[in-house]
Amino acid sequence: MAAARRPLMAGNWKMNGLGASIAELSRIIGGFDAALSARIDCLICPPATLIAAFAARAKGSPVAIGAQDCHPGAAVAFTGDLSAEMWKDAGASAIIVGHSERRAGHGESDALVRAKAAAAFRAGLLAIVCVGESKAEREAKRTLEVVGRQLAGSIPDGATPQRLVVAYEPVWAIGSGLTPTAADVSEVHGMVRGELVKRFGAGAGATRVLYGGSVKAENAAALLKAAEVDGALVGGASLKAKEFLSISNVYI
Ligand code: PGA
């Protein structure tokens with residue numbers, strides 16, 4: 001029997017948040033009461049400038065702090081970049097890699113995403129690897145092929161359910177208010193899990209697969225309760241504690 005998968009609610013703050021935003025983090029921590037934290041994990045990924053302060057504030061709470069990207073190297077001459085080891089040192093326990101905004105906006109290839117995920121493994125951090133098709137690819141019925149290819153290219157060897165989370169984020173659903181149907185999400189998540197089991201063995205069936213793209217309080221129940229969905233990677237709706245908590249409370 002497959003091990004039970006504990007849901008993960010992850011907030012991706014992208015390029016939002018200033019020092020004063022620690023008050024919003026405090027509200028999120030305050031809302032993660034005993035009932036909620038007994039059922040699900042919570043991760044907030046603020047911009048680089050806030051990682052250390054957020055990690056200090058969240059210490060001892062049910063909320064973990066994650067980064068949004070890393071350089072694949074450990075200590076190399078690369079002006080402006082940050083390593084997985086630096087994130088760990090600052091208090092992060094996870095790193096999002098391969099978000100479509102970086103794949104598209106910074107030309108990140110599957111090979112680079114794979115190297116970044118390997119860097120997270122190397123530092124002992126959880127890698128959240130993002131995959132997802134474009135609108136044209138969905139319309140051409142190429143979703144499973146595209147996501148399958150991204151998955152094969154972006155996940156490093158040595159992935160385990162403790163080190164890896166996959167986030168399925170259709171590019172056309174991000175920030176658009178559009179979402180796939182629950183059945184479409186389940187189909188992709190089932191394929192992702194099947195591919196992980198094929199490559200890494202039966203134990204990989206316990207890897208969490210998150211859905212991301214326009215998750216809001218109104219659609220959270222339908223998306224998060226769909227088969228094969230183990231939580232969400234939430235962008236815009238994670239910036240306000242009230243909204244993020246009402247999405248999370250779908251699990252209560
Ligand atoms: P969104 O972003 O929830 O604002 O659509 C999700 C993401 O990009 O991770």
Enquirer: Could you check whether any side-chain N or O of R122 sits under 3.5 Å from a backbone N or O of G73, counting only pairs where one atom can act as donor and the other as acceptor?
Expert: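 At least one qualifying donor-acceptor pair exists.
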
Enquirer: Picking from E108, H99, H106, what satisfies side chain to side chain contact (heavy atoms under 4.5 Å, CB included) with D69?
Expert: E108

Enquirer: Do you see a donor-acceptor pair shorter than 3.5 Å between the side chains of E133 and Y168?
Expert: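 Y168 and E133 do have a side-chain donor-acceptor pair below 3.5 Å.
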
Enquirer: Using only atom types and a distance under 3.5 Å, with no angle test, would you say the side chain of E243 pairs donor to acceptor with the backbone of K240?
Expert: no

Enquirer: Under 4.0 Å between a Lys/Arg side-chain N and an Asp/Glu carboxylate O for R193 and D230?
Expert: yes

Enquirer: So H71 and F78, would you call those rings parallel, tilted or perpendicular, with 30° and 60° as cut-offs?
Expert: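 Judged by the thresholds at 30° and 60°, the geometry between H71 and F78 is tilted.
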
Enquirer: Please round to the nearest 0.5 Å and tell me the distance separating atom CD of E187 and atom OG1 of T143.
Expert: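 It is 8.0 Å, given to the nearest 0.5 Å.
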
Enquirer: Compute whether any side-chain donor of one residue and acceptor of the other, for Q68 and W13, lie under 3.5 angstrom apart.
Expert: no

Enquirer: May I ask you to check whether S21 and E24 show a side-chain donor-acceptor distance below 3.5 Å?
Expert: no

Enquirer: Could you walk me through whether R114 and D157 satisfy the salt bridge (Lys or Arg N to Asp or Glu O under 4.0 Å) test, starting with their C-alpha distance in whole Å, then the side-chain angles of each, then the deciding distance to 0.1 Å, before giving a yes or no?
Expert: CA-CA 9 Å; R114 181 185 184 122; D157 291 339; 3.7 Å; yes

Enquirer: V192 vs E228, test: side chain to side chain contact (heavy atoms under 4.5 Å, CB included). Steps then yes/no.
Expert: CA-CA 10 Å; V192 167; E228 304 289 351; over 6 Å; no

Enquirer: Just checking, is any N or O donor in the side chain of S154 or R103 under 3.5 Å from an acceptor N or O on the other one?
Expert: yes

Enquirer: Test E145 against Q150 for side chain to side chain contact (heavy atoms under 4.5 Å, CB included), laying out the working first.
Expert: CA-CA 9 Å; E145 168 211 325; Q150 290 175 337; over 6 Å; no

Enquirer: Assess the residue pair Y211 and V188 against the criterion (side chain to side chain contact (heavy atoms under 4.5 Å, CB included)); give the C-alpha distance rounded to whole Å, side-chain angles, the decisive distance to 0.1 Å, and a yes or no.
Expert: CA-CA 10 Å; Y211 168 76; V188 177; over 6 Å; no

Enquirer: Report the distance from atom CG of L233 to atom CD1 of I128, rounding to the nearest 0.5 Å.
Expert: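 Between atom CG of L233 and atom CD1 of I128 there are 6.5 Å.
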
Enquirer: Is it true that S246 and N249 share a donor-acceptor pair across their side chains at a distance under 3.5 Å?
Expert: no

Enquirer: So does R6 get a backbone contact from the side chain of R208, meaning a donor-acceptor N/O pair under 3.5 Å?
Expert: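 Present.
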
Enquirer: Between the side chains of E85 and K88, is the shortest nitrogen-to-carboxylate-oxygen separation below 4.0 Å, so that they form an ion pair?
Expert: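 Salt bridge absent between K88 and E85.
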
Enquirer: Just do the side chain to side chain contact (heavy atoms under 4.5 Å, CB included) check on V129 and V165 with the steps written out, would you?
Expert: CA-CA 6 Å; V129 177; V165 165; over 6 Å; no

Enquirer: Between atom CG of L164 and atom CD1 of I155, what is the distance when rounded to the nearest 0.5 Å?
Expert: 4.5 Å

Enquirer: Can you tell me how far apart CD1 (I22) and CZ (R57) are? Round to the nearest 0.5 Å.
Expert: 7.0 Å

Enquirer: Once you round to the nearest 0.5 Å, how far does CG of N219 lie from CG of L224?
Expert: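 Spacing of CG (N219) from CG (L224) equals 8.0 Å.
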
Enquirer: Mark yes or no for whether S214, through its side chain, and G177, through its backbone, hold a donor-acceptor pair below 3.5 Å.
Expert: yes

Enquirer: Should we say atom CD1 of I252 is surrounded by more than 12 heavy atoms from elsewhere, each under 6.0 Å from it?
Expert: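 It does: I252 CD1 has more than 12 such atoms within range.
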
Enquirer: Going through the distances and angles, do R199 and E195 end up as a salt bridge (Lys or Arg N to Asp or Glu O under 4.0 Å)?
Expert: CA-CA 6 Å; R199 182 168 163 199; E195 290 300 313; over 6 Å; no

Enquirer: Kindly indicate, with the supporting measurements, whether the criterion salt bridge (Lys or Arg N to Asp or Glu O under 4.0 Å) is fulfilled by E101 and K14.
Expert: CA-CA 10 Å; E101 286 153 10; K14 308 191 181 183; 2.8 Å; yes

Enquirer: To the nearest 0.5 Å, what is the distance between CG on L43 and CG on N12?
Expert: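 One gets 9.5 Å once the value is rounded to the nearest 0.5 Å.
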
